[in-house]
2 protein chains.
Amino acid sequence: MTYGKLFAALADPTRRAIFERLAAREQSVAELARALPVSQPAISQHLKVLKEARLVRDAASGARRIYSIDPDGLWPLRQWLDRFWGDQLASFKVAAEREED
Amino acid sequence: MTYGKLFAALADPTRRAIFERLAAREQSVAELARALPVSQPAISQHLKVLKEARLVRDAASGARRIYSIDPDGLWPLRQWLDRFWGDQLASFKVAAEREED
DNA sequence: GACATTGATAAGTCATTGCTTACAATAAGC
DNA sequence: GCTTATTGTAAGCAATGACTTATCAATGTC
C-alpha cells in the first residue's frame with residue numbers, strides 16, 4: 001500500500017522530473033510550472049501525489065509555496081530494494097515480510 | 001521511459017507479490033495462479049509487464065513455462081536511487097559506512 | 001487417438017489517471 | 001483599496017490499467 005503509492009508516484013515521467021528538479025534545489029509551484037511542459041494545476045496535482053507518497057514537503061512563503069524533497073522519502077524504496085539485493089539470501093527476508101501487502 | 005516501465009511494474013501490489021514469490025523460488029504460471037487471488041490470464045498479463053520491465057525471465061519446460069527473477073532487473077532501480085542518495089541523504093550513507101568498521 | 005493441463009491472447013467492463021480550462025482564495029505591490 | 005501573482009480544487013475528457021470470461025495452440029497422460 002505504502003509501496004504502491006511510492007512506486008506509482010515515481011512511475012510518471014513528469015513526476016520524476018519534478019522530483020529531480022526539487023532534488024537539485026527547492027522551488028515554488030510556479031517555477032516548476034514554467035520549467036515543465038504542463039499547466040500549473042497539473043503541477044499541483046503531481047505535487048499532491050508526491051506529497052502523499054512522502055517524497056516531497058512544502059512550506060508556505062508568503063503567497064508562494066516552496067516545495068522540497070523529503071529527506072526520508074526514499075528510505076522505504078531502499079529498504080524494499082535491499083530485500084532482493086542479496087540474491088538467494090533474500091529468500092528468508094521475503095518470507096519474513098510476507099505479512100504486509 | 002525505461003524507468004517508467006520499471007516503476008509502473010512495481011506499483012501494482014499483485015505484481016509485487018508475483019515478484020516476491022519468484023524471488024523466493026522460480027515457478028510456473030499455474031503455480032502463481034493457484035497462490036494468488038486472481039485468474040490465470042491476469043497472472044499472464046502481469047508477467048508480461050514484469051518481463052517488459054526486465055524484472056523476470058521465462059524458460060520453457062514442456063508444456064509449462066517457468067518464470068524466475070532477472071538477476072540484473074533491479075540494477076536500474078538502484079542506479080536511479082543512488083543518484084539521490086548522496087545529496088540530502090548523505091547522513092545515512094555515512095552512518096551505514098561507519099557502522100561497518 | 002482422446003482427453004486433460006498449461007499458458008497466451010482476444011474482447012469487454014469498470015475504475016483510475018493525467019491532462020485541460022475555469023474558478024476561488026490568499027498574499028504582495030502599487 | 002485594487003490589481004496582480006500564486007496556488008489549490010472542481011469538472012470534464014480521452015487514454016490507460018487491472019480485471020473478467022471465452023478461446024486456441026501446444027504439450028503431457030491414459
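A, B, ... follow the sequence lines: proteins, then strands. Residue 1 opens every chain.
The nearest whole Å value for the distance from the CZ atom in Phe7(A) to the P atom in dG17(D) is 17 Å. Per the geometry, CG belonging to Leu47(A) stands 14 Å off C1' belonging to dT9(D), to the nearest Å. Asp58(A) places its CG atom 10 Å from the P atom of dT9(D), with the value rounded to the nearest Å. Counting to the nearest Å, the C1' atom of dA18(D) and the CD atom of Glu52(B) are 15 Å from each other.
In the hydrophobic clustering of this structure, Ile66(B) does not group with Leu36(B); members are Ile, Leu, Val, Met, Phe, Trp, Tyr whose side-chain heavy atoms approach within less than 4.5 Å, directly or through other members. Hydrophobic clustering (ILVMFWY, side-chain heavy atoms < 4.5 Å, transitive): Ile18(A) and Leu81(B) are in one cluster.
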Name the atoms and distances for all side-chain donor-acceptor pairs under 3.5 Å in residues 47-56 of chain B, with sequence neighbours left out.
unit_1, atom_1, unit_2, atom_2, d
Lys51(B), NZ, Asp58(B), OD1, 3.1
Lys51(B), NZ, Asp58(B), OD2, 3.3

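Nucleotides of DNA chain C that come within less than 4.0 Å of any heavy atom of chain B span, from the 5' end to the 3' end, dT6(C) to dA10(C).
Checked for salt-bridge contact, Asp82(B) and Arg78(A) meet the test: a charged N lies under 4.0 Å from a carboxylate O. A salt bridge between Arg21(A) and Glu31(A) is absent, with no side-chain N of the basic residue lying under 4.0 Å from a carboxylate O of the acidic one.
In terms of heavy-atom proximity, Arg57(A) sits nearest to Pro71(A) at NE-CD, 4.1 Å.
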Checklist outcome for this item: Counting primed atoms, P, OP1 and OP2 as sugar-phosphate and everything else as base, the B/S/- map of nucleotides 19-30 of chain D against protein heavy atoms under 4.0 Å is BBBB----SS--
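Using bins of under 30°, 30° to 60° and over 60° for the plane-to-plane angle, the ring pair Phe7(B)/Trp80(B) lands in the perpendicular bin.
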Next on the checklist: For a side-chain contact (heavy atoms from CB on, under 4.5 Å) check, start with the C-alpha distance between Leu32(A) and Val29(A), then their side-chain angles and the critical distance, and finish with the verdict.
Outcome noted: CA-CA 5 Å; Leu32(A) 290 166; Val29(A) 179; 5.7 Å; no
